[in-house]
Amino acid sequence: MKPILLQGHERSITQIKYNREGDLLFSVAKDTVTNVWYSVNGERLGTYNGHTGAVWCVDCDWDTKNVLTGSADNSCRLWDCETGKQLALLNTNSAVRTCGFDFSGNIIMFSTDKQMGYQCFLNYFDLRDPQQIEDNQPYLSIPCSEHKITSAVWGPLGEFVIAGHENGEINQFNAKTGEIQKKIKEHSRQINDIQSSVDLSMVITASKDNTAKLFDSTSLDHIKTFKTERPVNSAAISPIMDHVVMGGGQEAMEVTTTSTRIGKFEARFFHAAYEEEFGRVKGHFGPINCVAFHPDGKSYASGGEDGYTRIHYFDPQYFDFELEA
């Protein structure tokens with residue numbers, strides 16, 4: 001089946017996110033715009049306008065009421081999903097790199113960059129307390145003085161946040177006390193992306209060290225490693241099959257010097273148990289920055305440096321992929 005091409009951004013895509021039902025797809029890019037699409041046909045529903053800098057991250061709560069975005073304009077914003085109205089503006093001292101709702105949708109977390117003399121912070125707000133939002137005072141703010149957080153997701157039951165750092169470390173930050181519960185360093189370079197499995201029991205990390213790795217969410221035990229010959233920008237776990245999809249490519253500054261074939265801009269599928277690659281999907285004209293599986297597992301979306309988001313449908317039992325000898 002022909003992929004659906006979503007053209008709503010003028011600059012490279014930074015993150016894409018499905019809502020829990022999978023009928024909506026949110027996309028953010030370096031052009032200040034947050035778009036929401038119908039995933040079934042690629043129709044654009046609307047935009048969330050307000051940011052003045054590149055938007056780095058987006059998340060949607062479990063009942064699709066609110067949307068959270070973080071941007072390089074030093075702000076994290078909360079939106080009404082249906083109307084596009086801005087509900088809250090949380091100003092920070094540096095760019096907001098990663099954000100997310102816990103499973104209840106009541107607690108949000110976001111991390112800020114280490115830049116302009118400010119260190120990286122991981123902030124927690126309780127949306128049930130309007131005073132926190134009004135005063136712009138999180139109930140918990142954890143300084144990460146050594147290495148900034150580059151990607152983070154909530155763990156099961158909302159008890160902790162799993163954060164990946166620029167030096168390859170993965171930490172578990174307790175959501176009540178802020179202390180580091182567990183710390184591991186399986187990657188040798190920056191972690192670009194962390195995504196959870198559908199039941200939150202596992203996370204997959206994508207790193208600049210040319211690998212993606214599967215971990216147990218609670219114990220952080222290392223389970224599997226998927227190796228490539230280029231940096232991995234994003235990786236996602238299929239909700240119904242033993243598959244993972246990965247996207248990557250070289251650094252953006254090197255892209256123009258290589259052809260699309262050599263640049264390796266395909267999405268790559270690996271078997272989650274055997275760690276073997278079994279398929280590739282072409283399409284993007286540059287590195288893939290983010291990938292996400294549809295919650296029903298029958299399609300996946302990818303966002304690229306070329307500014308396009310593509311939705312690919314397939315029957316997971318009959319993969320029609322180009323396999324390389």
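Note that these values count all heavy atoms, side chains included, but never hydrogens, waters or copies made by symmetry. All values derive from a computational prediction rather than experimental measurement.
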Does any N or O in the side chain of [X] come within less than 3.5 Å of the main-chain N or O of [Y], such that one atom is a donor and the other an acceptor?
{"X": "N289", "Y": "T14", "answer": "no"}
{"X": "N233", "Y": "I288", "answer": "yes"}
{"X": "H294", "Y": "G22", "answer": "yes"}
{"X": "D242", "Y": "A272", "answer": "no"}
{"X": "Y308", "Y": "S12", "answer": "no"}
{"X": "S238", "Y": "V244", "answer": "no"}
{"X": "D59", "Y": "C99", "answer": "no"}
{"X": "T47", "Y": "N49", "answer": "no"}
{"X": "D61", "Y": "K65", "answer": "yes"}
{"X": "S302", "Y": "V291", "answer": "no"}

Is it true that [X] and [Y] fall in one hydrophobic cluster, defined by side-chain heavy atoms closer than 4.5 Å?
{"X": "Y18", "Y": "W62", "result": "no"}
{"X": "L122", "Y": "Y118", "result": "no"}
{"X": "L87", "Y": "V58", "result": "no"}
{"X": "F101", "Y": "W79", "result": "no"}
{"X": "L214", "Y": "V245", "result": "no"}

When you compare the side chain of [Y] with that of [X], does any pair of heavy atoms fall below 4.5 Å?
{"X": "W56", "Y": "K30", "answer": "yes"}
{"X": "I16", "Y": "L25", "answer": "yes"}
{"X": "P156", "Y": "S217", "answer": "yes"}
{"X": "V28", "Y": "I13", "answer": "no"}
{"X": "T64", "Y": "L24", "answer": "yes"}
{"X": "L45", "Y": "W37", "answer": "no"}

Looking only at the side chains, is there a donor atom on one of [X] and [Y] sitting less than 3.5 Å from an acceptor on the other?
{"X": "T228", "Y": "N210", "value": "no"}
{"X": "E134", "Y": "N136", "value": "no"}
{"X": "D23", "Y": "N19", "value": "yes"}
{"X": "Q195", "Y": "D193", "value": "yes"}
{"X": "H222", "Y": "T225", "value": "yes"}

### Message
Using the ring-ring contact (aromatic ring centres under 6.0 Å, His included) definition, which of the options F173, W154, F110 pairs with Y124?
### Response
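Of F173, W154, F110, ring-ring contact (aromatic ring centres under 6.0 Å, His included) with Y124 is met by W154 alone.
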Is [X] isolated, or which residues cluster with it under the ILVMFWY side-chain rule of less than 4.5 Å, directly or via members?
{"X": "V153", "result": "F160, I162, I170, I184, I191, I194, V203, F215, L220"}
{"X": "Y274", "result": "none"}
{"X": "F103", "result": "none"}

### Task
Indicate yes or no: does K85 engage E82 in a salt bridge with an N to O separation below 4.0 Å.
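No, K85 and E82 are not salt-bridged.
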### Query
Got a salt bridge between E229 and R268, using NZ or NE/NH1/NH2 to carboxylate O under 4.0 Å?
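Yes.
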[X] atom [atom1], neighbour heavy-atom count above 12 within 6.0 Å:
{"X": "K227", "atom1": "NZ", "result": "no"}
{"X": "R44", "atom1": "CZ", "result": "yes"}
{"X": "E10", "atom1": "CD", "result": "no"}
{"X": "Y38", "atom1": "OH", "result": "no"}

Residue pair [X] / [Y]: nearest heavy atoms and the distance that separates them:
{"X": "S207", "Y": "R189", "value": "OG-O, 3.3 Å"}
{"X": "Y139", "Y": "Q132", "value": "CB-NE2, 3.6 Å"}
{"X": "T98", "Y": "S111", "value": "CG2-OG, 2.7 Å"}
{"X": "M109", "Y": "L68", "value": "O-CD2, 4.3 Å"}
{"X": "T150", "Y": "R97", "value": "O-CG, 3.8 Å"}

### Task
Before giving the answer on side chain to side chain contact (heavy atoms under 4.5 Å, CB included), spell out for K185 and N167 the whole-Å C-alpha distance, their side-chain angles and the decisive distance to 0.1 Å.
CA-CA 8 Å; K185 191 170 187 297; N167 66 336; 4.1 Å; yes
#### Entry: Close aromatic pair by centroid cut-off 6.0 Å: Y300 and H312
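Judged by ring-centre distance (under 6.0 Å), Y300 and H312 do meet the cut-off.
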### Message
D126: which residues meet the salt bridge (Lys or Arg N to Asp or Glu O under 4.0 Å) condition with it, sequence neighbours left out?
### Response
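Testing D126 for salt bridge (Lys or Arg N to Asp or Glu O under 4.0 Å), a comparison that skips the adjacent residues, returns R128.
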### Those residues that, when tested against D73, pass salt bridge (Lys or Arg N to Asp or Glu O under 4.0 Å) (two or more places apart)
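D73 satisfies salt bridge (Lys or Arg N to Asp or Glu O under 4.0 Å) with R77 only.
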### Message
Tell me whether the rings of F278 and H243 are parallel (<30°), tilted (30 to 60°) or perpendicular (>60°).
### Response
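Ring orientation, 0 to 90° scale: tilted.
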### Query
Could you go step by step and tell me if Q172 and V161 meet the side chain to side chain contact (heavy atoms under 4.5 Å, CB included) rule?
CA-CA 6 Å; Q172 266 184 11; V161 164; over 6 Å; no
### Task
Hey, could you give me the CG/NE2 distance between L89 and H51, rounded to the nearest 0.5 Å?
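If I round to the nearest 0.5 Å, the distance is 8.5 Å.
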### Task
Identify, with sequence neighbours excluded, every residue that meets side chain to side chain donor-acceptor pair (under 3.5 Å) alongside Q137.
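Testing Q137 for side chain to side chain donor-acceptor pair (under 3.5 Å), a comparison that skips the adjacent residues, returns none.
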### Task
Test L78 against every option in V67, T69, N66 by the side chain to side chain contact (heavy atoms under 4.5 Å, CB included) rule and name the one that passes.
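Answer after filtering V67, T69, N66: N66.
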